[in-house]
Amino acid sequence: MPNHLDNVLGIHAAALSLRAQRAELLAGNLANADTPNYKARDIDFKALLADAQASQQGRGMQTTHARHLTEAGTAAAPEALYRIPIQPSVDGNTVDAQREKAEYMQNALQYQATLHFVDGQIKTLRTAIRGD
Amino acid sequence: MFKVFDIAGSALSAQSLRLNTTASNLANADSVSSSTEQTYRARHTVFAAALNDAQEAVGVDVRGIVESQAPLRQEYRPDHPMANGDGYVFLPNVNAVEEMTNMISASRAYQSNVEVINTAKQLMLKTLTLGQ
């Protein structure tokens, strides 16, 4: 259990916000599945979460740039990277609808898992407060 | 997360416009006229990503509807009531095969965006019941 009340949700709060942002990016990819010259984008979730975790545990990097992570462990606007296309189309679009759909569904499941962890933390706290 | 609804919603409206133009093209595939100016021309939507900031998820924007520049069909039917002085009638440059593939593509894209909205809605509802 974390000692500080503001830290009670741990890394899961930052993860939840990252998952939500990733859902938006993937929805944007799917929305532009038929847009010529649109390039599919995604964030490197693992690296961003590791950064958030490091800064939350107090051994993070110093913020010397606007895009650096903040102290509270919540990521600033994550940097969107371009996806490497498997089968690019002639019109310059790199969205693979099937792949994006799969990623979106996986992200949704992981969002629910994180939600479950947060819910568990809240329930633990509530049990401790009530004592019943 | 709320941006998912905007993004997928923009795709729904863009794809339904594409379906509308397809319906219009197929409906007018045999609309006869007596001069090239009055003849219906196949219409196609132009999609573009609604870019604002390179780091943000974006929806899709319909930049306009363009008329096909393909040559019109001309048929010699002197007994047709719409025939011009030389006995010719003009038919639209609608390609039925192209329209059917456009229709299937638009319908599939519409379906996947509805799925995206449904998943986001379920995630939001679960987030609302957090800690209950």
Side-chain angles (χ1 to χ4, degrees), chain A residues 9 12-13 16-43 66-67 76-82 91 93 95 97-98 100-101 104-126, chain B residues 1-15 17-19 44-63 101-132:
Chain A
L9 297 180
H12 301 305
L16 208 57
S17 131
L18 270 180
R19 290 269 173 233
Q21 277 168 326
R22 182 152 187 250
E24 285 175 3
L25 263 182
L26 294 176
N29 287 347
L30 269 172
N32 285 292
D34 290 323
T35 308
N37 290 319
Y38 178 85
K39 310 291 180 211
R41 291 174 310 169
D42 200 354
I43 54 175
R67 302 213 83 90
E79 194 175 1
L81 310 167
Y82 290 103
D91 63 357
N93 187 305
V95 178
Q98 282 71 35
E100 299 300 333
K101 253 189 244 177
Y104 186 81
M105 284 303 155
Q106 193 184 0
N107 188 60
L109 270 179
Q110 285 162 336
Y111 183 94
Q112 289 193 44
T114 308
L115 217 50
H116 198 75
F117 294 139
V118 172
D119 204 32
Q121 292 279 27
I122 293 173
K123 285 201 171 105
T124 310
L125 262 189
R126 190 185 280 173
Chain B
M1 194 61 147
F2 282 110
K3 261 177 80 184
V4 172
F5 299 104
D6 293 341
I7 291 165
S10 76
L12 287 187
S13 105
Q15 297 296 349
L17 187 69
R18 190 167 161 212
L19 268 179
H44 295 121
T45 49
V46 180
F47 288 172
L51 285 175
N52 43 10
D53 181 337
Q55 295 304 321
E56 285 203 336
V58 290
V60 62
D61 207 9
V62 181
R63 285 289 154 82
T101 48
N102 251 328
M103 186 184 79
I104 294 167
S105 168
S107 138
R108 288 281 178 271
Y110 193 96
Q111 285 172 24
S112 53
N113 278 292
V114 169
E115 268 177 55
V116 167
I117 290 186
N118 264 333
T119 309
K121 182 188 148 204
Q122 281 168 12
L123 291 183
M124 289 277 89
L125 286 176
K126 284 214 167 153
T127 315
L128 282 177
T129 59
L130 196 63
Q132 282 178 10

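Just so it is clear, the structure is predicted and the values come from calculations on it, not from any experiment.
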**Request:** Please report the C-alpha distance between Val58(B) and Arg41(A) in whole Å, then the side-chain angles of each, then the deciding distance to 0.1 Å, and finally whether the side chain to side chain contact (heavy atoms under 4.5 Å, CB included) criterion is met.
**Result:** CA-CA 10 Å; Val58(B) 290; Arg41(A) 291 174 310 169; 4.1 Å; yes

Is the backbone N or O of [Y] less than 3.5 Å from a side-chain atom of [X], with the two atoms forming a donor-acceptor pair by type?
X	Y	value
Ser105(B)	Thr101(B)	no
Asp42(A)	Arg22(A)	no
Asp34(A)	Ala106(B)	no
Glu24(A)	Met1(B)	yes

**Message:** So, applying side-chain contact (heavy atoms from CB on, under 4.5 Å) with Tyr111(A), which one of Leu109(A), Thr114(A), Leu115(A) is it?
**Reply:**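 The side-chain contact (heavy atoms from CB on, under 4.5 Å) with Tyr111(A) is passed solely by Leu115(A) among Leu109(A), Thr114(A), Leu115(A).
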
Could you look at [X] and say if it's the side chain, the backbone, both or neither that has a heavy atom under 4.5 Å from chain B?
X	answer
Arg19(A)	neither
Ala97(A)	neither
Ala33(A)	neither

Which bit of [X] comes within less than 4.5 Å of chain A, counting heavy atoms only: side chain, backbone, both or neither?
X	result
Ala109(B)	side chain
Phe2(B)	backbone
Gln122(B)	neither
Arg18(B)	side chain

**Message:** If I compare all heavy atoms of Tyr38(A) with all of Ala49(B), which pair ends up nearest, and what's the gap?
**Reply:**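 Of all heavy-atom pairs spanning Tyr38(A) and Ala49(B), the closest is CD1-CB, 3.6 Å.
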
Looking only at heavy atoms and a cut-off of under 4.5 Å, which of [options] has the most pairs with chain A?
options	result
Val116(B), Leu12(B), Val46(B), Ile7(B)	Val116(B)
Ser112(B), Gly9(B), Ser10(B), Ala8(B)	Ser112(B)
Asp6(B), Val60(B), Leu123(B)	Leu123(B)

**Asked** What's the verdict on side chain to side chain contact (heavy atoms under 4.5 Å, CB included) for Gln121(A) and Leu125(A), showing C-alpha distance, side-chain angles and the deciding distance?
**Response** CA-CA 6 Å; Gln121(A) 292 279 27; Leu125(A) 262 189; over 6 Å; no

**Request:** Find the one option among Thr35(A), Asn32(A), Ile122(A) whose heavy-atom pairs under 4.5 Å with chain B are most numerous.
**Result:** Asn32(A)

